[in-house]
A.B. asks: 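Below is one structure. I have some questions about it.
Counting starts at 1 for both ligands and their atoms, in listed order.
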Amino acid sequence: MKAPATEDWVARSLKAVWHPCTQMKHHERLPLIPVARGSGAWLYDRAGHRYLDAISSWWVNLFGHANPRINDALKAQLDTLEHAMLAGCTHEPAIELAERLAQLTQNTLGHAFFASDGASAVEIALKMSFHYWRNHGRSEKREFVCVANSYHGETIGALGVTDVALFKDAYDPLIRHAHVVASPDARNARDGESAADVARRALESVRALFEARATQIAAVIVEPLVQCATGMAMHDASYVAGLRALCDQYGVHLIADEIAVGAGRTGTFFASEQAGVWPDFLCLSKGISGGYLPLSIVLSRDEIFAAFYDDDTTRGFLHSHSYTGNPLACRAALATLDLFASDNVLAENAKKSAHLCEALKPLATHERARNFRQCGTIFAFDAVLEASAAQTFSRRFFEKALAKELLLRPIGATVYLMPPYILDTEEIALLAARTRETFEATLTEAH
Ligand SMILES: *Cc1c(COP(=O)(O)O)cnc(C)c1O
């Protein structure tokens with residue numbers, strides 16, 4: 001049999017590739033971009049059209065596609081060691097990455113457990129927390145707490161602490177549910193309330209729950225500063241500091257899911273830094289490998305590690321994944337950390353963000369846009385839509401954006417930008433102008 005024509009990538013993909021987070025039938029109308037190559041902030045399709053990757057390819061790509069410095073580091077690693085198992089063996093990229101991440105937490109979170117994706121990191125943190133209490137003779141502490149509208153991944157365990165109906169409802173019978181506490185989303189402010197007031201109010205619901213059930217609760221998990229997948233819901237840093245205080249008071253672990261907000265996304269390397277506290281477990285993934293390779297990491301404190309350290313095998317944390325600590329992925333992460341160190345990235349990002357915010361002013365003040373908000377290099381607003389337009393808004397916006405050389409995928413009615421950290425002045429101007437044009441075009445078209 002002759003191999004099918006390489007030309008028809010879209011038809012072949014729709015037949016053989018089951019795409020993630022997609023109702024495949026929508027692709028009868030919705031375009032699929034056949035990405036041929038990437039360079040800097042741009043993706044290029046097979047016909048040579050370019051698209052500004054304004055959402056960093058699902059929030060993972062920090063320093064652009066085919067970044068020469070990350071590429072060089074990976075090529076050298078490839079010729080040295082592509083992979084070795086991390087049980088009974090160790091290697092330099094894993095050691096160095098664990099040490100450097102520990103240093104970034106002032107050695108508070110000095111133990112790195114490796115996995116490959118974000119949902120696994122979340123499950124590892126949940127299991128570690130439960131197992132910690134079990135090793136301390138407190139196996140009744142087996143409940144978890146998550147925040148309303150939180151997203152922590154889509155495996156069955158991670159869905160237990162996720163509160164997004166679209167991803168969760170179909171699997172409800174399979175899921176062990178967590179307690180859901182009020183969201184500190186600053187958009188919940190009542191008349192005259194500040195974001196800090198909303199945070200204080202949300203913390204009261206945590207206190208009430210802890211008061212009643214802390215003896216049964218192992219941990220609370222939070223996305224510090226920004227609940228990304230639910231539509232870039234932002235909250236005051238005092239919420240995270242308040243959670244830390246309540247966890248200390250009631251003997252509950254704090255898990256910071258920094259999978260999306262870590263690696264500089266909110267303006268500090270870790271979002272938790274802005275709250276001035278460290279969690280007991282910190283989950284990292286997405287941007288930590290520069291968007292190159294699947295990698296996730298759970299950092300934890302000495303006290304956690306010590307609870308597992310014993311002659312008894314079963315008191316150890318026996319969790320594993322085949323590619324745990326993959327040297328190539330660790331090397332990509334080290335090259336990413338090198339870029340942070342050498343290029344003054346956080347300070348440069350602050351300037352770029354101010355610049356992009358300024359350029360987005362017409363959208364911030366647009367009569368059909370609400371709640372324009374920004375945190376680090378995350379920018380979002382909510383479209384004001386008639387009910388009939390809301391259903392299809394995201395898909396129609398996506399399609400219109402492509403025609404303007406932008407890769408953007410609104411979450412429901414929330415339009416957001418989460419660009420890589422390397423945009424130049426021209427790209428910032430182009431992104432702001434065309435986002436606005438796309439918004440106007442989507443609002444005015446028939447739906
Ligand atoms: C993306 C994400 C996850 C899940 O990571 P995957 O690699 O997609 O499994 C978990 N938590 C948060 C906050 C995320 O943004």
A.B. asks: Does a side chain donor of either His321 or Ser116 reach within less than 3.5 Å of an acceptor in the other side chain?
C.D. replies: no

A.B. asks: Among protein heavy atoms, which lies nearest atom 7 (O) of ligand 1, and at what distance?
C.D. replies: Gly118 N, 2.7 Å

A.B. asks: Among all protein non-hydrogen atoms, which one is nearest to atom 9 (O) of ligand 1, and what is the separation to 0.1 Å?
C.D. replies: Ala119 N, 2.8 Å

A.B. asks: Relative to the heavy atoms of His152, which atoms of ligand 1 are at a distance of less than 4.0 Å?
C.D. replies: 10 (C), 11 (N)

A.B. asks: Please verify whether a non-hydrogen atom of Trp58 lies at under 4.0 Å from ligand 1.
C.D. replies: no

A.B. asks: So, His319 versus Ser120: side-chain donor-acceptor pair below 3.5 Å or not?
C.D. replies: no

A.B. asks: Does the structure place the NZ or CZ of Arg37 under 6.0 Å from the centre of the six-membered ring of Tyr44, at an angle of no more than 45° from the ring's axis?
C.D. replies: yes

A.B. asks: Show the numbers, then the answer: is there a side chain to side chain donor-acceptor pair (under 3.5 Å) between Glu405 and Trp42?
C.D. replies: CA-CA 9 Å; Glu405 301 183 313; Trp42 297 88; over 6 Å; no

A.B. asks: Is it the case that over 12 heavy atoms from other parts of the model lie below 6.0 angstrom from the CZ atom of Phe269?
C.D. replies: yes

A.B. asks: May I ask you to identify the nearest protein heavy atom to atom 2 (C) of ligand 1, giving residue, atom name and distance to one decimal place in Å?
C.D. replies: Lys286 NZ, 2.5 Å

A.B. asks: Would you please indicate yes or no on a ring centroid separation below 6.0 angstrom for Tyr132 and Phe317?
C.D. replies: no

A.B. asks: With atoms numbered from 1 as shown, which atoms in ligand 1 lie under 4.0 angstrom from a non-hydrogen atom of Gly153?
C.D. replies: 4 (C), 10 (C)

A.B. asks: Can you list the ligand 1 atoms lying under 4.0 Å from a non-hydrogen atom of Ala260?
C.D. replies: 15 (O)

A.B. asks: For atom 12 (C) of ligand 1, what's the nearest protein heavy-atom neighbour? Residue, atom name and distance, please.
C.D. replies: Asp257 OD2, 3.3 Å

A.B. asks: Give a yes or no on whether atom 5 (O) of ligand 1 lies under 4.0 Å from any heavy atom of the protein.
C.D. replies: yes

A.B. asks: Return yes if a side-chain donor-acceptor contact under 3.5 Å exists between Asp53 and Ser57, otherwise no.
C.D. replies: yes

A.B. asks: Indicate, as side chain, backbone, both or neither, the part of Asp117 found under 4.0 angstrom from ligand 1 when only non-hydrogen atoms are considered.
C.D. replies: both

